[in-house]
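Take a look at the structure set out below.
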Amino acid sequence: MASEAFPSGLSQSKMLELLGDTRALKEAFEAGDLPAVAAMLQSTLHSLENVRLDIGVTGGTGSGKSTFVNAIRGLGDEDPTSACTGVVEMTMAPTPYLHPKYPNVIIWDLPGIGAPAFQADKYVQRVLLDRYDFLLLLTSESFTANHARLAREILQQGKRFYCVRSKVDVDIAASRSRRPSSFSEERVLSQIRDDCVQRLEAEGLKDPKVFLLSMFELGKYDFDLLEEAMVRGLESHKRHAFLMALPNVSKPTLERKAASLRKHIWLVATVACGANPSPVPGVPEVACDLFLLTHSLEGYRHSLGLDQHSLIRLAGHTGRPLHKILEALHDPKTKVTEALVAERLGQASGDASAFSQELLNVPILGPLAACGLSFATVYRMLRTSLDMAVRDAENVLLQAFPDNPDPDCKLLGEPDQGPQLGGEDRGREGGRAGPLKTCPAPGFSHGTCNFTSVPGPALGDAGDAEK
């Protein structure tokens, strides 16, 4: 179990580097001063929970900028807090939209770039490019010289951007209507992508990558590839905030959220055992902060869309009876209480002693053994609860969309699961985004699950990007 808690790729130096004050934290670990360690990590949890992320969305008039701003926040166009949408340019100045559950994640709806006299340098000054962590450059038709000019200016400013061709569902429907006997969705998508790439290359952009999306079926087409690229381009602490804020539109999205949450289970467990611990009713050998653990488990359910509000909202927007969606839950409780946490700690305490002993062999983490069985029990409880929530979230996704024709999209835990989504064979060619076979969640852009933050860092890995 120790290898689950502390992966071999997480070196002592890497962990300390990511947690900030390396010297003080290392000295506290080596001295076995658990309260000091917990206090420092508690500060880390607080700062990471409030990290700010700014995303700019720009493009031509009618490209779907505002609809994308709404969809990425898990809202429909008619939600009271949604960005205004329309067939004419609705955004006259950079407009910030806070995520409904993560106000530190801000999506900026930027003015359109379709004017004939468009000047990229003046536009950059107008929208204050420095404020954004990255930008999305949208078009609903072909990319133009204005898009290319803006892309070059963004590159000169040292910022990341992603080219998005929106409304591909409209093109697919039109092609199917015109040529029903010879229609091929894959061929239509390939033609759209090739046209976009060729036009950007003709304007001087080298090896551009274009992602194809439908704003009303956000989980389809290239959204998983776009999500993967955006996540990879962020620093680890902002990566976690971005993942938690994403709507649950596909199985790969859920998998990335779960991986990020798993990476900081040890951090939450350390703080829970080392800062303000109290005896757990019914589990006398365990002392921890039940309030923090309740907050964390509640956060798991919110981030994965399993809280009561999210499930009711999902049923309303998909037309599925709520009781059918609830049938997909192995754990039907939609609210976490301290009594429930205490019960799960009791269940986890049975075989925690072996793990507690193994901690003594992990570099710098010996002080955690000073918690006795508490750390091992808390860690095991958090991991089991998260795994259960992930399984339920995937089952809910399938229950909400029973007409999904993809035979490879199976419930978590079913035998013979086949290739994992998000692997290597996703249709890439020459480094460009290719067609994605995923588990789409049509309609999620019209009011998907809301989230509550679970504090903790997304610990870095080999894919951490330089800013």
Side-chain angles (χ1 to χ4, degrees), residues 55-60 62-73 107 110 113 132-144 147-148 150-151 154-155 159-172 185-201 203 205-234 239 242-243 245-247 249-253 256 421-442 444-445 463 465:
I55 302 170
V57 181
T58 185
S63 61
K65 296 186 289 91
S66 298
T67 298
F68 181 80
V69 168
N70 296 333
I72 203 70
R73 295 162 63 228
I107 317 296
L110 305 182
I113 62 172
Y132 313 111
D133 291 280
F134 63 84
L135 295 97
L136 294 117
L137 187 56
L138 272 62
T139 184
S140 59
E141 298 177 345
S142 297
F143 282 94
T144 67
H147 293 96
L150 180 56
I154 294 173
L155 284 174
K159 291 288 182 178
R160 295 181 183 272
F161 71 94
Y162 304 93
C163 294
V164 174
R165 170 56 158 83
S166 63
K167 302 184 181 181
V168 295
D169 52 324
V170 176
D171 297 274
I172 289 172
E185 180 174 301
E186 184 176 351
R187 183 169 63 248
V188 173
L189 293 174
S190 179
Q191 290 172 346
I192 294 172
R193 181 179 293 104
D194 290 344
D195 174 71
C196 290
V197 169
Q198 290 169 9
R199 289 177 182 271
L200 289 171
E201 288 179 334
E203 293 293 336
L205 289 182
K206 184 178 179 181
D207 190 28
K209 295 176 177 61
V210 176
F211 302 90
L212 311 184
L213 296 186
S214 163
M215 302 312 177
F216 297 108
E217 295 179 286
L218 195 60
K220 294 184 68 175
Y221 310 114
D222 287 344
F223 182 76
D224 178 55
L225 295 175
L226 174 61
E227 176 188 316
E228 182 182 28
M230 292 187 293
V231 168
R232 190 170 57 246
L234 289 169
R239 182 183 305 171
F242 177 65
L243 281 170
L246 283 174
V249 295
S250 69
K251 182 178 177 181
T253 298
R256 290 191 182 100
L421 296 174
E424 294 299 323
D425 54 341
R426 288 182 296 190
R428 295 178 187 265
E429 180 179 356
R432 296 171 184 163
L436 170 66
K437 186 175 185 180
T438 184
C439 302
F444 261 83
S445 59

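Note: hydrogens, waters and symmetry copies are ignored here, and every other heavy atom, side chains too, is used.
When all heavy atoms are compared, the tightest approach of His147 to Ile113 is CD2-CD1, 3.7 Å. When all heavy atoms are compared, the tightest approach of Ser166 to Ser63 is OG-O, 2.5 Å. Closest of all the heavy-atom pairs between Pro252 and Asp224 is CB-OD1, 3.0 Å. When all heavy atoms of Phe211 and Ala229 are compared, the pair lying nearest together is CZ-CB, 4.0 Å. When all heavy atoms of Ala151 and Leu205 are compared, the closest pair comes out as CB-CD1, 3.7 Å. Contact between Pro247 and Ala71 at its shortest, heavy atoms only, is CG-O, 3.5 Å.
Side chains of Thr139 and Arg165 form a contact here, defined as non-hydrogen atoms less than 4.5 Å apart. Annotation: side chain of Val168 is not in contact with side chain of Leu213 (no heavy-atom distance under 4.5 Å). Annotation: side chain of Phe216 is not in contact with side chain of Val170 (no heavy-atom distance under 4.5 Å). Between Leu110 and Lys65 there is no side-chain heavy-atom pair separated by less than 4.5 Å. Residues Leu136 and Ile72 form no side-chain contact, since every pair of their non-hydrogen atoms from C-beta on lies 4.5 Å or further apart. Leu138 places a side-chain heavy atom less than 4.5 Å from the side chain of Met215. For the pair Leu200 and Glu203, the minimum side-chain heavy-atom distance is 4.5 Å or more. For the pair Phe143 and Cys163, the minimum side-chain heavy-atom distance is below 4.5 Å.
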Applying side-chain contact (heavy atoms from CB on, under 4.5 Å), run through Val57 and Val164 and close with a yes or a no.
CA-CA 10 Å; Val57 181; Val164 174; over 6 Å; no

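Ion pairing between a basic and an acidic side chain is recognised when a charged N comes within 4.0 Å of a carboxylate O; Lys209 and Asp222 show no such pairing. Salt bridge status for Arg199 with Asp195: present, with a side-chain N to carboxylate O gap under 4.0 Å.
The side chain to side chain contact (heavy atoms under 4.5 Å, CB included) with Leu189 is formed by just one residue from the set Gln191, Glu185, Glu186; it is Glu185.
Within a 6.0 Å sphere centred on CD of Glu141, heavy atoms belonging to other residues, nucleotides or ligands number 12 at most.
Between the CD1 atom in Ile55 and the CZ atom in Phe68 there is a gap of 8.0 Å [rounded to 0.5 Å]. Distance check: Arg256 CZ to Leu246 CG gives 9.0 Å after rounding to the nearest 0.5 Å. Between atom OH of residue Tyr162 and atom CE of residue Met230 there is a gap of 7.5 Å, rounded to the nearest 0.5 Å. Ile154 contributes atom CD1, which lies 13.0 Å from atom CZ of Arg160 (distance to the nearest 0.5 angstrom). Atom OG of residue Ser66 and atom CD1 of residue Ile107 lie 12.5 Å apart, to the nearest 0.5 angstrom. Atom CD of Glu217 sits about 9.0 Å away from atom CD1 of Ile172, to the nearest 0.5 Å.
A search for ring-ring contact (aromatic ring centres under 6.0 Å, His included) contacts involving Phe161 returns nothing, not counting sequence neighbours.
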